[in-house]
Amino acid sequence: MSTETPERASDDPTLEGSYDPTEIESRWQRRWVDEGTYAYESDPERDPNTVYAIDTPPPTVSGSLHMGHLYGHTLQDFAARFQRMADGDVLFPFGYDDNGIASERLTEQELDIRHQDYERREFQELCREVCTEYEAEFTDKMQDLGCSIDWSNTYKTIEPRVQRISQLSFLDLYEQGREYRKKAPAIWCPECETAISQVEMEDDERHSHFNDIAFEVVGGESEERRSSDGRAENPRDPPREEFVISTTRPELIPACVSVFVHPDDDENQDLVGESARIPIFGHEVPIIADDRVDMEKGSGIVMCCTFGDQKDIEWYQAHDLPLRVAIDESATMTELAGKYEGLSTEEAREAIVEDLDEEGYLRDRWEITHAVGVHERCDTPVEFRVSKQWYVEILDHKEEYLEAGREMEWYPEKMFTRYRHWIEGLEWDWLISRQRDSGIPFPVWYCEECDHPVMAEREDLPVDPLSDEPPVDACPECGHDAFEAEEDVFDTWATSSLTPLINAGWDWDDESEEFVMDHPELYPFDLRPQGHDIISFWLFHTIVKCYEHTGEVPFDATLINGHVLDENREKMSKSRGNVVEPDDVLAEYPVDAVRFWAASAAVGDDFPYQEKDLRAGEKLLRKLWNASKLVDTLAPADPDEPDELEAIDRWLLAELDDAIAELTDYFENYEFAKARDRLRTFFWNTFCDDYLEIAKGREDNPSTGYALRTAHRTFLELWAPFLPHVTEEIWQALYADGQPRDALESIHTRDWPVPRGYEADLEAGETAMEVISALRRYKSENQLPLNEALESVSVYGSVEGFEDAIQNVMHVRTLEVLEEEPEVTTEVASIDLDYATLGPEYGAKVGEIDAGIEAGEYEIDDDAGVLRVAGEELADELFEVDLERTYSGDGRMIETESAVVVLEDD
RNA sequence: GGGUUGGUGGUCUAGUCUGGUUAUGACACCUCCUUGACAUGGAGGAGGCCGGCAGUUCAAAUCUGCCCCAACCCA
């Protein structure tokens, strides 16, 4: 656009022309990274209280950068930039989360390979290579956001150092007796042939059929007899011939292990304690009462199979039922399914329904649509399978974890409730093993003979039992010499819950035989930022792990950010097609403007993407730029402070002091939206609209010159956490010492402003601004240009010291400050009561008092200073009389909140 | 189904914990104004009775109960 702009050195900021964010923002982003402006230099001796450390969330870099990343990191950056200026050392690290199924898939696609064809260690090597490209791309995009991340302080969850920490964590918890291995069901994807965690499963609407199947009731048996040998000895007569259950999955009937009836279900109570014979397959199962049965659904009688759904698992565990596995890991029917063996579940379903029908057991069949749990990656309906799993014991420490949550500061406070409810509702220990082909391996082997677990030695970590040998030749338990490698890998939360320990450089020290940290001054971390949707995952698990390893709560505070919604306040989703891409936003708007928008929401609240807020941000950047140009023409860059500041200048600096104090408070409490609004209002309205206009008429005044420059420098510093690029550009153009090619003295490493202690009559200043604005309104209403001269103005009100300012800015020829109220006749317009005092004192009488005043039935006794109404005598401080003035002199009278202005304009 | 959070002019929101009678600001809208940087600027105006109902209170956007709506978490 600006082809005629003379070319200049790219690192030579000037205020010439208008602000060009495209060129300027990327220039600073490069320079900050090149110069290591935000590098954290560790010093283990440093007092932890003077270091501000953020435990940043590691995004999955094989995915794309979305608005959530942008918003989350921008929030963290507000905190980081403020703390860096206010307190000095800040660690703002960055993590890449590559250790997951996403990067596994990506590697397979990119290289056109299958992970099954490689040894796990080899495959992971390939993963690391593939991910490196994506990491580089992600890094570029993150750097485009201008966050003050220390790019020399990064980690990848797939790297050996992190694998070592994960395995150390496992060994430590095992030695503490906080981990155990047990046979239990897991969610299984038959397409991927892997166990998946609950978060990887989603609901999907599918067409299916409900099948009503008749089960024959056979001779009942007592609880005692059944538990002795599992067979009915003396069958009683069955209460009825049969009953009907409804199921969408008839192929599971060979896996049926029991039938349930609700204890309040009077109609079917007769069945409890009896047995049912499964059609076609012929095996008998007990009928049991349980209140988890949904009586409203179907016949109210439900079969339990191992396993059709999560409720089956609950029942299986609660009633100690046997395991009948009819479906294998690839969703093929097993031997247990008899003649259906080898069929897929779908084939078996049809075949079994047909046979049931033929034999008269199928009573009804109709089409339905219902929610089915599917694997989010391949949309395959999941199965549930039993395998041996590792667990971290957490149920016995619920109280400790709750207490840890109480010890942290929560921003916003209300988010603690979610954490508390999550913990209170915990019913299962934490399952940490995943039967995946890649991930961080459990460092464990088992004795082939006695199944005794053999743990890896700490100094050997990281190990992969599939490639490495166990550290012993013979089983310490039974002496057997052959071992089986554990094939499972850790749940990704088991690794990402260690980020504070990764960032602090946690490791085992052989010499001292204890865990140590490379950067102990960082731990506990000052801030854990994250979204509210993963409080029960990331935050909770981090607290569990770090608390068990260090005995300390890992964070002083947690900052829970909301979600970015679309412009209609609806959740962004690919299927709705309302996703806003950061790339598109950044192509159109300056990053600083995007940051201004990001600061608009109260922390923790979901908020919409709003173009108008971005435009407002752009306007602010221009305002700041243009105001800076004006300041630069009005005063020398570095004026000395005069012995005595004039009232108007002292007033500005005193107001500035107030603003600094409030802003500091807001930033310390992560109240970015309040800080943003306070600063914008003060900068735009007070500084630009009021003070700069006045300053234009006081160009050679040393007092004003000093105040202008002091305020301007301070504004740049106060804006710096929000608008890092534009403030840096202006700062370098106007105030930076040294030559352009010297090491950068960035505004972002300066000290945060502190109030300078200016005292001024803020009320007089306020009154003066009221008078100015009244005169402006007068001109506006009379369609006069603002620089139109006014002949004569008189002011009744305290504007001491501001007379010149009023006179200059409003072009008033003669200004007079009146000692006495101008010639007016007054009459009572209204009476304001001080209800806060009046209410508690007079109670129900307040109504009468109000009515009395309303009706004019009152008397003001000026001498006694009381108001007589409704038979009461109200003291002076309880009421205020509002007078309506009628001016009878020459000219025109304008009233403001605290002044009376008389204009003679001819 | 259970829990949590929220519902304030056309839009986004402050205020709600600590009840006090004129509900904050921005954007959009209307009118006017070229003022020594900014018309992508400035001045002014109109617009809401605070999701609904009931209650507590002298007084409710604010406290209590129920209901409706939305999002999230858990089932």
Side-chain angles (χ1 to χ4, degrees), chain A residues 15 18-19 198-199 203 292 294 296 309-311 314 412-422 424-427 531-537 560 562-563 565 567-571 596-597 600-602 604-634 671 673-674 676-678 680-681 684-685 688-689 692-693 695-697 699 772-788 809-811 830 832-851 882:
Chain A
L15 293 190
S18 54
Y19 183 54
Q198 204 184 332
V199 276
D203 284 346
R292 280 164 281 205
D294 182 358
E296 309 300 314
D309 59 25
Q310 277 154 313
K311 201 176 264 176
E314 268 183 61
E413 225 178 307
K414 64 188 176 193
M415 289 297 174
F416 172 68
T417 319
R418 295 204 186 188
Y419 179 81
R420 182 165 59 83
H421 282 269
W422 166 256
E424 285 170 354
L426 277 177
E427 284 174 358
H532 54 59
D533 51 337
I534 50 172
I535 290 174
S536 49
F537 296 103
I560 307 294
H563 285 168
L565 310 171
E567 290 208 82
N568 301 315
R569 266 202 143 278
E570 281 177 34
K571 197 185 157 162
F596 184 74
W597 157 76
S600 70
D605 285 358
D606 290 350
F607 72 117
Y609 168 77
Q610 293 214 100
E611 295 236 13
K612 57 190 165 201
D613 238 0
L614 297 175
R615 272 182 242 119
E618 253 183 324
K619 280 165 66 173
L620 175 67
L621 302 186
R622 269 192 296 266
K623 191 76 174 176
L624 186 53
W625 183 263
N626 288 321
S628 298
K629 281 163 79 167
L630 178 61
V631 168
D632 201 37
T633 63
L634 290 178
E671 294 182 296
K674 287 182 183 174
R676 177 191 103 134
D677 292 345
R678 174 73 169 91
R680 198 201 96 101
T681 303
W684 201 301
N685 300 342
C688 292
D689 293 346
L692 272 184
E693 291 302 325
K696 282 176 184 170
E699 193 168 357
I772 290 171
S773 117
L775 294 176
R776 263 198 206 130
R777 197 177 315 134
Y778 170 80
K779 289 182 180 181
S780 175
E781 278 166 6
N782 290 282
Q783 306 190 6
L784 298 169
L786 278 174
N787 59 353
E788 178 86 7
V809 74
M810 282 293 112
H811 302 91
S830 63
D832 288 338
L833 299 175
D834 176 15
Y835 288 97
T837 323
L838 201 69
E841 210 170 305
Y842 289 89
K845 194 89 195 187
V846 172
E848 284 178 53
I849 294 172
D850 274 338
D882 239 12

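Sequence lines set the chain letters: A, B, ... in the order given, protein chains first and strands last, and positions in each chain run from 1.
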[atom1] atom, [N] versus [M]: distance in rounded Å?
N     : M     : atom1 : value
B:A23 : B:G42 : P     : 26 Å
B:U13 : B:G7  : C1'   : 13 Å
B:C69 : B:G52 : C1'   : 11 Å
B:G51 : B:G15 : P     : 15 Å
B:U16 : B:U5  : C1'   : 14 Å
B:C68 : B:C53 : P     : 15 Å
B:U24 : B:A14 : P     : 15 Å
B:U22 : B:C50 : P     : 16 Å

Nearest to the side chain of [X], which nucleotide is it out of [options]?
X        : options             : answer
A:Asp533 : B:C12, B:U21, B:C73 : B:C73
A:His421 : B:G20, B:G3, B:C27  : B:G3
A:His532 : B:C58, B:A14, B:C72 : B:C72
A:Arg418 : B:C12, B:C72, B:G41 : B:C72
A:Ala602 : B:A14, B:A37, B:G42 : B:A14
A:Arg680 : B:G6, B:A26, B:U13  : B:A26
A:Pro840 : B:C58, B:C74, B:A37 : B:C58
A:Asp689 : B:U13, B:A43, B:A14 : B:A43
A:Phe537 : B:A43, B:A37, B:C74 : B:C74
A:Glu693 : B:U21, B:A37, B:U13 : B:A37

Euclidean distance, atom [atom1] of residue [X] to atom [atom2] of [N] [Å, nearest integer]:
X        : N     : atom1 : atom2 : value
A:Asp832 : B:U21 : CG    : C1'   : 10 Å
A:Tyr835 : B:U22 : OH    : C1'   : 12 Å
A:Asp632 : B:A37 : CG    : P     : 14 Å
A:Asn568 : B:G10 : CG    : P     : 16 Å
A:Lys612 : B:G25 : NZ    : P     : 17 Å

Taking only N and O in the side chain of [X], is any of them less than 4.0 Å away from OP1 or OP2 of [N]?
X        : N     : result
A:Arg420 : B:C74 : no
A:Lys623 : B:G42 : yes
A:Lys619 : B:C27 : yes
A:Lys311 : B:A75 : no
A:Lys779 : B:G42 : no

Pairing partner (Watson-Crick or G-U wobble, both distances under 3.5 angstrom) of [N]:
N     : answer
B:C50 : none
B:C27 : B:G10
B:G41 : B:C33
B:U18 : none
B:C72 : B:G3
B:A59 : none

Q: Nearest-nucleotide wise, let me know which of A:Arg615 and A:Lys571 is further upstream toward the 5' end of RNA chain B.
A: A:Arg615
**Q.** Nearest-nucleotide 5' precedence on RNA chain B, A:Asn685 against A:Asp606
**A.** A:Asn685
(Q) With a 4.0 Å cut-off on N to O distance, would you call A:Glu618 and A:Arg615 a salt bridge? (A) no
**Q.** Charged N-O contact under 4.0 Å between A:Arg418 and A:Asp533
**A.** no
Q.
Between A:Asp606 and A:Gly562 (side chain of the first, backbone of the second, donor and acceptor by atom type, cut-off under 3.5 Å), is there such a pair?
A. no
Q.
Is it the case that the side chain of A:Arg676 and the backbone of A:Phe596 share a donor-acceptor pair, with hydrogens and angles ignored and the cut-off at 3.5 Å?
A. yes
**Q.** Gap between atom NZ of A:Lys414 and atom CD1 of A:Ile560 - 0.5 Å precision
**A.** 11.5 Å
Q | A:Trp422 CH2 to A:Thr417 OG1 distance, which is reported to the nearest 0.5 Å | A | 16.0 Å
Q: For A:Tyr609 and A:Asn568, test the side chains for any donor-to-acceptor distance below 3.5 angstrom and give the result as yes or no.
A: no
